[in-house]
Amino acid sequence: MTFIVGENCINCKHSDCVEVCPVDCFYEGENMLVIHPDECIDCGVCEPECPVDAIKADLADEPDGKWLKINTEYAKEWPNITQKGEPPADADDFKDEKGKCEKYFSPKSGDGN
């Protein structure tokens, strides 16, 4: 098992999870974070830190494994993030929106730190 970041993170990109991760397995995209599944030690300390409930065990992924695939692919491309940053100013506007992946997902990398 590993933990994954899902759709709720898109355009919210809170990074409270990054601050508590003991193995620095988060990677930053333009508008969301992902977890590198091979680096995650399954400790689960990140899950309760997410204010938008975006972090789940991979067992709770969609039936086709969509979010595990996204986390795996983009963790290899995006820069590592090890420090908490500021969420977008309009993060609360997107908090409860559904269908964000199709509307807003960006494959572009973030800045990392």
Side-chain angles (χ1 to χ4, degrees):
M1 184 183 83
T2 186
F3 284 85
I4 54 174
V5 180
E7 182 172 66
N8 289 359
C9 188
I10 297 174
N11 284 349
C12 289
K13 199 172 152 183
H14 292 273
S15 54
D16 304 61
C17 52
V18 172
E19 196 167 65
V20 299
C21 181
V23 294
D24 298 333
C25 65
F26 283 88
Y27 292 79
E28 183 180 22
E30 179 180 45
N31 65 354
M32 75 173 291
L33 304 175
V34 294
I35 294 173
H36 194 304
D38 294 336
E39 296 173 0
C40 177
I41 59 170
D42 311 329
C43 67
V45 297
C46 59
E47 186 178 21
E49 296 300 316
C50 182
V52 295
D53 199 30
I55 300 173
K56 303 279 186 200
D58 64 342
L59 301 173
D61 196 358
E62 295 181 18
D64 64 356
K66 174 182 181 174
W67 291 102
L68 179 58
K69 291 174 192 170
I70 287 173
N71 279 249
T72 302
E73 178 180 348
Y74 291 100
K76 294 174 185 172
E77 297 177 18
W78 293 346
N80 187 244
I81 181 172
T82 59
Q83 299 173 355
K84 181 179 176 179
E86 290 297 317
D90 61 351
D92 285 342
D93 297 344
F94 296 94
K95 182 179 165 187
D96 297 318
E97 187 171 342
K98 302 295 180 212
K100 293 194 293 184
C101 186
E102 291 73 23
K103 292 181 194 175
Y104 308 117
F105 176 77
S106 171
K108 295 179 184 175
S109 69
D111 297 330
N113 62 25

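Please read all numbers here as calculations on a predicted model, not as lab measurements. Below, all heavy atoms of this structure are taken into account, side chains as well, without hydrogens, waters or symmetry copies.
Among residues at least two apart or in separate chains, side chain to side chain donor-acceptor pair (under 3.5 Å) pairs with a member in residues 52-61 are D53-K56.
Note that the SG atom of C50 and the NE2 atom of H14 stand 7.5 Å from one another [nearest 0.5 Å]. Rounding to the nearest 0.5 Å gives a distance of 9.5 Å between CG of D111 and CD of E30. Rounded to the nearest 0.5 angstrom, I35 CD1 and E47 CD are separated by 9.0 Å. Atom-to-atom distance recorded for I4:CD1 and T72:OG1 is 9.0 Å, nearest 0.5 angstrom. To the nearest 0.5 Å, atoms CD (E73) and CG (N71) are separated by 10.5 Å. In this structure, the separation between SG on C9 and CZ on F94 is 13.0 Å, given to the nearest 0.5 Å.
For the residue pair P88 and C12, the shortest heavy atom distance occurs at CD-O, 3.0 Å. Taking all atoms of both residues into account, the shortest heavy-atom contact from M32 to V34 is CE-CG1, 4.2 Å. Summarising the geometry of C17 relative to C46, their closest heavy-atom pair is CB-CB, 3.8 Å, with the distance given to 0.1 Å. For the pair W78 and K108, the tightest heavy-atom approach, listed with the atom from each and the gap, is NE1-O, 3.4 Å.
Contact annotation: the side chain of D16 approaches that of K84 to within less than 4.5 Å [non-hydrogen atoms, C-beta and beyond]. Annotation: side chain of Y74 is not in contact with side chain of V5 (no heavy-atom distance under 4.5 Å). The shortest side-chain heavy-atom distance between S15 and E28 does not fall under the 4.5 Å cut-off. E97 is listed as a side-chain neighbour of K103, based on a closest heavy-atom distance under 4.5 Å. The shortest side-chain heavy-atom distance between P79 and S109 falls under the 4.5 Å cut-off. In this structure, E39 and Y27 have side chains that are in contact, with non-hydrogen atoms separated by less than 4.5 Å.
Between the side chain of N11 and the main chain of Y104, no donor-acceptor pair closer than 3.5 Å is present. No donor-acceptor pair closer than 3.5 Å links the side chain of T2 to the backbone N or O of C40. Although no hydrogens or angles enter the test, the distance criterion places a donor-acceptor pair under 3.5 Å between the side chain of K13 and the main chain of G29. With D24 contributing its side chain and T82 its backbone, the two residues share no donor-acceptor pair below 3.5 Å. Looking only at distances, a side-chain donor or acceptor of N80 sits under 3.5 Å from a matching main-chain atom of F26.
Tracing side-chain contacts under 4.5 Å through hydrophobic residues (I, L, V, M, F, W, Y), one reaches I70 starting from F3; they form part of the same cluster. Under the 4.5 Å side-chain heavy-atom criterion for grouping Ile, Leu, Val, Met, Phe, Trp and Tyr, L59 is connected to I55 within one hydrophobic cluster. The hydrophobic cluster containing M1 also contains L68, counting ILVMFWY residues as joined when their side-chain heavy atoms lie under 4.5 angstrom apart, directly or transitively. There is a path of hydrophobic side-chain contacts, each under 4.5 Å, that joins I81 to F105.
A 6.0 Å sphere centred on NZ of K66 holds more than 12 heavy atoms belonging to other residues, nucleotides or ligands.
Side-chain atoms of E7 and W67 form no donor-acceptor pair, as typed in the model, at a separation below 3.5 Å.
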